[in-house]
*Asks:* 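One structure coming up, written as structure tokens, with questions to follow.
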Amino acid sequence: MAHKVELAPSILAANFANLAADAELALEGGGALLHVDVMDGHFVPNITLGPPIVSSLRKAIPDVIFDCHLMIENPDLYIPAFAEAGATWISVHQEACRHLNRTLHMIADHGCKPGVVINPATPVGMLDEVLDIVHHVLVMSINPGFGGQKFIHDSLKKISALANEREKRGLDFRIEVDGGVAMDTIADIVRAGAELLVAGTAVFGKGDIRENARKLLQAARSATAAHA
Ligand code: DX5
Ligand code: ZN
């Protein structure tokens, strides 16, 4: 069953010296949740932020869903701290979890919605055994680590495959896409079956943040309307 199409601004591309204000503008423009990219310099070749920033942002923005995308090794070690800091959803990479089922249950046990993420080179079939216990599946449409990269087109097939599998098995997880989501890619992404659209550069990169978010969401929603 299809879910509502929603925009998840990725704060990775925001001005970190002005984080809460930038995030608020993206929400005013129609962002339904905030996507928070956590990188450890090991799982991906970049370092971003940890629980203290999530906690400060949570104080500034009390009511919004924080969709924390952990691009880190050994996520089990850090899930309690992110939950405590105010994460609402926590997703972990299939490639980073030796005991994926246990990790996903651990996220739920800490009061957060569990999500699983796959890199571009990981087939959808790797998730067969966890699709019934996740709240969302995040398909990376770039190699994780940096914003501003080019959308990998073959991700569309993975999104459709997941949407078909969900339908076939009568499951209810949401399908999220992350990487290169922009005005020129968003319609195809939505038509392929994704509902949660993560966008960093396209929202915060240049111009008016509120207006960027508004236009992206509008483009996404009109693609669904045209599709229906
Ligand atoms: C990259 C992150 C993304 C990033 C996307 O590893 O997971 O969330 O912010 O950036 P854009 O939207 O610029 O491709
Ligand atoms: Zn992300």
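In this chain, residues are counted from 1 in sequence order. As the structure lists them, so they are numbered: ligands from 1, and atoms in each ligand from 1. Treat the numbers as computed from the prediction; the structure is a model and nothing was measured.
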*Asks:* Taking ring pair (Phe, Tyr, Trp, His ring centres under 6.0 Å) as the test, write out the residues that go with His35, two or more places apart.
*Replies:*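 By the ring pair (Phe, Tyr, Trp, His ring centres under 6.0 Å) rule, His35 matches His69.
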*Asks:* Is a salt bridge present between Arg166 and Glu195, judged by a nitrogen-to-oxygen distance below 4.0 Å?
*Replies:*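 Answer for the salt bridge query: yes.
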*Asks:* With ring-ring contact (aromatic ring centres under 6.0 Å, His included) as the rule and sequence neighbours excluded, what pairs involving residues 181-201 come up?
*Replies:*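 Those involving residues 181-201 do not exist here.
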*Asks:* At a cut-off of 2.8 Å, what protein N/O/S atoms sit near the Zn ion (ligand 2)?
*Replies:*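 Within the sphere that stays under 2.8 Å of the Zn ion (ligand 2), the protein atoms of type N, O or S are His35 NE2, Asp37 OD1, His69 ND1, Asp178 OD2.
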*Asks:* Considering only heavy atoms, which protein residues lie less than 4.0 Å from any atom of ligand 1?
*Replies:*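 Ligand 1 pocket, heavy atoms under 4.0 Å: Ser10, Leu12, His35, Asp37, Met39, His69, Met71, Met140, Ile142, Pro144, Gly145, Phe146, Gly147, Gly148, Asp178, Gly179, Gly180, Val198, Ala199, Gly200, Thr201.
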*Asks:* Identify the heavy atoms of Pro75 and Cys97 that sit nearest to each other, and give their distance.
*Replies:*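 Taking Pro75 first and Cys97 second, the nearest heavy atoms are CG-SG, 3.8 Å.
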*Asks:* Can you tell me which residue among Ile175, Val139, Val177 is in a side-chain contact (heavy atoms from CB on, under 4.5 Å) with Ile189?
*Replies:*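 Looking at Ile175, Val139, Val177, the match for Ile189 under the side-chain contact (heavy atoms from CB on, under 4.5 Å) is Val177.
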*Asks:* Do Tyr78 and Pro51 have side chains that approach each other closer than 4.5 Å (heavy atoms only, starting at C-beta)?
*Replies:*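 Sidechains of Pro51 and Tyr78: no contact.
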*Asks:* Near Glu84 CD, under 6.0 Å, is it more than 12 heavy atoms from other residues, nucleotides or ligands?
*Replies:*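 12 or below, so no.
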*Asks:* Between Glu28 and Arg210, is there a salt bridge with N-O shorter than 4.0 Å?
*Replies:*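 Answer for the salt bridge query: yes.
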*Asks:* Just so I know, are the side chains of Asn119 and Phe43 near enough to count as touching, which here means a heavy-atom distance under 4.5 Å?
*Replies:*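 SC-SC contact between Asn119 and Phe43 confirmed.
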